[in-house]
Amino acid sequence: MVKKYKDIYASVFLLVVSVIMFIATFSIQKLTVSKIGADFAPKLVAIGIFILSLILLINTIKQVKNPQAVVVDNEDDDDEKGNQPISKLSVLGTLGLLIGYVALMPLIGFPIMTAIYLFLQMYLLAEKAHRNITLFLIISVVSSGVIYYCFKSIFHLRLPSGILG
């Protein structure tokens, strides 16, 4: 019962944050003559947050109006469904990976650091039984390459290339 109201508060808060974030993007200076500038990504994120928050708000309101469809949130249900609680080790590992990613990006470069970060993050968060190193490598290298290509060739934005030159 309490969870549904938390979702309403969270979604309304995120709706407000996304609107403020979107308005704040208009103060970002455009340094290029292209239509896509430095304000593009923050606007895209703000729109994404707004849409997802709106979906959460609508779904939560539907659950409040139809209490029979609401599933009681119980911690014991997590074990029955196979969901494991988030370990402190994975949280600290993620924090360490993010710090290393940001610190090493100027030296090593975006494509290599992004591929390394994605691989290590997937490996860290995957259950031991579902760790597929080959799949993780393919996903991380392809994702990094596609993102780098899009930013460099389509958006004409510079990303640190590091040791690749």
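What you see below is based on every heavy atom in this structure, not just the backbone, and it leaves out hydrogens, waters and symmetry mates.
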Measure across [X] and [Y] and return the closest heavy-atom pair with its distance rounded to 0.1 Å.
X    : Y    : value
T94  : L124 : N-CD2, 3.5 Å
L15  : L54  : CD2-N, 3.9 Å
S144 : P111 : OG-O, 2.6 Å
P106 : P160 : CA-CB, 4.4 Å

Self-check item: Set of ring-ring contact (aromatic ring centres under 6.0 Å, His included) partners for Y101, sequence neighbours left out
Solution: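 Partners of Y101 by the ring-ring contact (aromatic ring centres under 6.0 Å, His included) criterion, ordered by chain and then number, come out as Y117.
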Quiz item: Residues two or more places apart in sequence or in another chain: which of them pass ring-ring contact (aromatic ring centres under 6.0 Å, His included) with F40?
Solution: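 ring-ring contact (aromatic ring centres under 6.0 Å, His included) list for F40, sorted by chain: F155.
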Got a second to check how far [X]'s [atom1] is from [Y]'s [atom2], nearest 0.5 Å?
X    : Y    : atom1 : atom2 : answer
I61  : N66  : CD1   : CG    : 14.0 Å
M122 : N132 : CE    : CG    : 10.0 Å
L95  : K88  : CG    : NZ    : 14.5 Å
I23  : S18  : CD1   : OG    : 9.5 Å
L104 : M113 : CG    : CE    : 4.5 Å
L118 : I139 : CG    : CD1   : 9.5 Å

Group every Ile, Leu, Val, Met, Phe, Trp and Tyr by side-chain heavy-atom contacts under 4.5 Å, then state whether [X] and [Y] land in the same group.
X    : Y    : value
L107 : L97  : yes
L120 : V142 : no
I154 : L159 : yes
I99  : I108 : no
L125 : I116 : no

Self-check item: Short side-chain to backbone donor-acceptor contact, S140 and L137, under 3.5 Å
Solution: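 Between the backbone of L137 and the side chain of S140 there is a qualifying donor-acceptor contact (under 3.5 Å).
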Quiz item: Any donor and acceptor pair, going by atom type alone, linking the side chain of S11 with main-chain N or O of I8 inside 3.5 Å?
Solution: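 Answer holds: yes.
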Quiz prompt | side chain to side chain donor-acceptor pair (under 3.5 Å) against S143, all qualifying residues, sequence neighbours excluded | solution =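 Once residues adjacent in sequence are excluded, S143 has no partner under the side chain to side chain donor-acceptor pair (under 3.5 Å) criterion.
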Quiz item: What orientation do F22 and F26 show, parallel under 30°, tilted 30 to 60°, or perpendicular over 60°?
Solution: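 It falls in the perpendicular class, over 60°.
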Quiz item: Any side-chain hydrogen bond (donor to acceptor under 3.5 Å, both in side chains) pairs touching residues 43-53, not counting sequence neighbours?
Solution: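 Matches after skipping sequence neighbours: D39-K43.
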Quiz item: Looking at residues at least two apart in the chain, or sitting in another chain, which of them share a salt bridge (Lys or Arg N to Asp or Glu O under 4.0 Å) with K62?
Solution: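 K62: no salt bridge (Lys or Arg N to Asp or Glu O under 4.0 Å) contacts found.
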Quiz prompt | Other cluster members, V17 - Ile/Leu/Val/Met/Phe/Trp/Tyr, side-chain contacts below 4.5 Å | solution =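 Result for V17 is F13, L14, M21, V45, I49.
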Quiz item: Can R131 be said to sit on top of F136's aromatic six-ring, NZ or CZ under 6.0 Å from centre and within 45° of the ring axis?
Solution: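 So R131 doesn't make the cation-pi contact.
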Exercise. Evaluate side-chain contact (heavy atoms from CB on, under 4.5 Å) for I133 paired with F119, printing each intermediate quantity in order.
Key: CA-CA 8 Å; I133 293 175; F119 173 78; 3.9 Å; yes
